[in-house]
Amino acid sequence: MNNADTILKLSNIKKSFPGVRALKNVSLDVKRGEVHALIGENGAGKSTLIKIITGAYVPDSGIITFEEQEYTSLTPHLAISLGIGAVYQEFTLAPTLSVAENIFLGQKVNEGIVRDYKLMCKKAGEIIGRLGVTINPRQLVRNLSVAYKQLIEICKCLAQNSKFLIMDEPTAPLTDEEVDQLFKIIEELKAQGITIIYISHRLDEIFRVSDRVTVMRDGEIITTKNIDEVDKPQLIKYMVGRELSERFPERKESYGDIALEVKDLVGGGVGPVSFKLKKGEILGISGLVGAGRTELAEMIFGAARKDSGEIYVDGQRADIRSPHDAIRHGIGLVCEDRKSKGLLLRKSVGFNISLPIIELLSRLTVVDSGTEKEVINKQINNLDIKTPSAYQLTGNLSGGNQQKVVLGKWLANDSDILILDEPTRGIDVGSKHEIYKLINGLAEEGKAIIVISSEMEEMLGLTDRMIILYEGSYMTTLEKEDYSQELILQYASGETSLIKGYN
């Protein structure tokens, strides 16, 4: 670090919402030019703290010192003028506008009334060049990959002369290669003297990219450490307030009859794929991003059209052409994107849980409210969903509890086959442990479970057996005793020439 002076200092910051103390005397300093990781479980107070730094929230008390100037609060406009920018998980881009227009959206590029588009593209190209990448400034944003859209968000901040960047879960939608590219860009920004607060639930990234790490829990700062002073188990203990003795809880394996059989399924660039899934088994579907994992899951659930192939449930052929057909056959799908596809965030917890079985709860056109309440409360209690009541808006829950609500709605439907697509994405380590225990418990009850995950450690630790896809093609099936990260990646990358005995 070339310059060790403090660019941002928070002193005794407090913030409360009705019934909740979100921040309790939070004090933090961030040094100029460092990558400072901010971690903690969902609900720890990270988002509230970030919104205070960017001016979205006004603290109840405390002092914000930025470049030696003291403020009792900031506004979004003031934060931007000071050089504070943020890149969030949800992009704020205009897809029908060009890259250059998005970078300078709301800004004046040239003097005069008429916009100089050529000059705008030239300046946009210069900013893009600072990141060491090549993107045509005239290209429409809607034609960019997720990774490039994220780079445009960073460029927007640079166009506003940001010297202090906040990155909130920046790698969540990225492939491994794109993550590597992002880390190179972070190093480049750091070399240019830009300070970064880096928020992520992926602890491996914290050790890879940050200089220091601050851990939050229950609205308080637990500790700040140089990254070389701690290891992963210590960080987990700081985050959850206890040691997680087993990252992946053990379970009693007991398999029953075949619950699901897929024969030569083809569609959406995937297939033919065949496999069997037993009751009480957790089957992994592995492969790199774009291998067809989600497409396969959606075909089984009837959310995507299959061109050919057969699906059998409990030995009987199931004609699944829609999600309604899948639900009728006891199949539930926990979507990769729970916020846009799995939940109605502006509806209550109870509404989301009972939605798939509303017809079963109704007599003619009237919902049996008593039975509905029993079903909802059963799932809230059994899954330990932390919510003030069944009437709480689902969007107000933490990520882990939102995921439990998605599970709850399929368990309320008495689904015997559960497909879990990225079940712990965006969830902190403590909540992940709870989700793993839930999944194990469901398997022990005899549920047949399919898990899709981009986290190799999760696939290795959670599943009993794994099928591997490469660019839509079935490669192999591995039993747990044959698991190795190297072998899985060789199959997933199509590098079969490296695999002894493969033909």
Side-chain angles (χ1 to χ4, degrees), residues 10 13-15 20-30 34-53 88-89 166-172 179 196-249 383-387 396-404 422-440 453-458 461-462:
L10 304 176
I13 300 294
K14 295 181 181 179
K15 181 64 179 177
V20 179
R21 288 190 66 188
L23 296 177
K24 310 167 189 175
N25 287 320
V26 169
S27 295
L28 172 70
D29 70 274
V30 180
E34 74 170 337
V35 177
H36 194 119
L38 183 62
I39 66 173
E41 295 190 89
N42 293 106
K46 305 186 301 295
S47 295
T48 302
L49 189 64
I50 293 309
K51 288 177 180 177
I52 284 174
I53 296 172
Y88 297 105
Q89 279 182 271
I166 299 167
M167 294 186 174
D168 187 6
E169 296 287 353
T171 63
V179 169
I196 297 172
I197 286 184
Y198 189 91
I199 302 172
S200 178
H201 289 310
R202 298 178 177 180
L203 296 186
D204 289 338
E205 294 178 3
I206 300 302
F207 288 95
R208 186 174 170 186
V209 76
S210 61
D211 300 300
R212 292 195 297 157
V213 56
T214 290
V215 183
M216 295 189 70
R217 186 174 75 235
D218 298 330
E220 298 179 286
I221 299 291
I222 301 302
T223 188
T224 296
K225 297 281 188 181
N226 292 329
I227 199 63
D228 56 5
E229 296 176 344
V230 290
D231 57 24
K232 189 184 294 187
Q234 287 174 310
L235 285 185
I236 291 172
K237 186 176 180 181
Y238 286 134
M239 288 171 65
V240 303
R242 65 190 189 282
E243 289 187 13
L244 295 180
S245 56
E246 296 174 343
R247 179 76 191 277
F248 296 96
L383 298 176
D384 192 25
I385 299 172
K386 293 177 176 61
T387 176
N396 291 339
L397 301 185
S398 69
N401 284 296
Q402 286 180 4
Q403 197 73 324
K404 290 180 182 180
E422 302 287 359
T424 63
R425 172 167 287 177
I427 294 177
D428 60 76
V429 65
S431 296
K432 280 185 177 182
H433 192 72
E434 288 187 34
I435 295 294
Y436 297 151
K437 286 169 63 177
L438 279 173
I439 293 172
N440 282 354
S453 176
S454 297
E455 295 190 30
M456 179 65 75
E457 187 179 4
E458 189 166 271
L462 194 60

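Counting from 1, the numbers follow the sequence of the chain as shown. Scope of the values below: all heavy atoms of this structure, side chains included, with no hydrogens, waters or symmetry mates.
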So, the side chain of Glu220 versus the backbone of Lys24: is there a donor-acceptor pair under 3.5 Å, distance only? no

Would you call Val26 and Ile52 a side-chain contact if the rule is heavy atoms closer than 4.5 Å? no

Heavy-atom distance under 4.5 Å between the side chains of Arg212 and Asn226, does that happen here? yes

What are the two closest heavy atoms between Lys14 and Asn25, and how far apart are they? CE-OD1, 2.7 Å

Given the rule in the side chain to side chain contact (heavy atoms under 4.5 Å, CB included) test, do Leu203 and Ile39 qualify, once you have shown the distances and angles that lead to the verdict? CA-CA 9 Å; Leu203 296 186; Ile39 66 173; 4.1 Å; yes

I need the Lys15 NZ to Thr48 OG1 distance, nearest 0.5 Å. 8.5 Å

Ile196 and His36, any side-chain heavy atoms less than 4.5 Å apart: no

Looking at Lys386, is its backbone amide N or carbonyl O close enough to the side chain of Lys404 to form a donor-acceptor pair, meaning the two atoms are under 3.5 Å apart? no

Atom pair CD1 (Ile439) and OG1 (Thr424), whose distance is rounded to the nearest 0.5 Å: 7.5 Å

Under-4.0 Å salt bridge between Lys232 and Asp204: yes

Could you give the distance from NZ (Lys237) to OG1 (Thr223), rounded to the nearest 0.5 Å? 12.5 Å

I need the Leu38 CG to Thr224 OG1 distance, nearest 0.5 Å. 9.0 Å

Please examine the side chains of Tyr198 and Pro170, heavy atoms only from C-beta on, and report whether any two atoms are closer than 4.5 Å. yes

Val35 backbone acceptor or donor facing Asp211 side chain under 3.5 Å: yes

If you look at every heavy atom in Ile221 and Ser27, which pair is closest and at what distance? CG1-O, 3.7 Å

Quick check for you: to the nearest 0.5 Å, what is the distance between Leu23 atom CG and Leu10 atom CG? 9.5 Å

Thr214, Val230, Leu235 screened by side chain to side chain contact (heavy atoms under 4.5 Å, CB included) with Lys225, the one that passes: Val230

What distance do Met167 atom CE and Ile50 atom CD1 have between them, rounded to the nearest 0.5 Å? 12.5 Å

Taking every non-hydrogen atom, the tightest pair across Gly40 and Met239: C-CE, 3.8 Å

Between Asn440 and Leu462, is a side chain to side chain contact (heavy atoms under 4.5 Å, CB included) present by the stated rule, with each step listed? CA-CA 8 Å; Asn440 282 354; Leu462 194 60; 3.9 Å; yes

Any side-chain heavy atom of Met216 sitting closer than 4.5 Å to one from Ile222? no

Mind listing the closest non-hydrogen atom pair of Ser200 and Glu205 along with its distance? OG-OE1, 3.1 Å

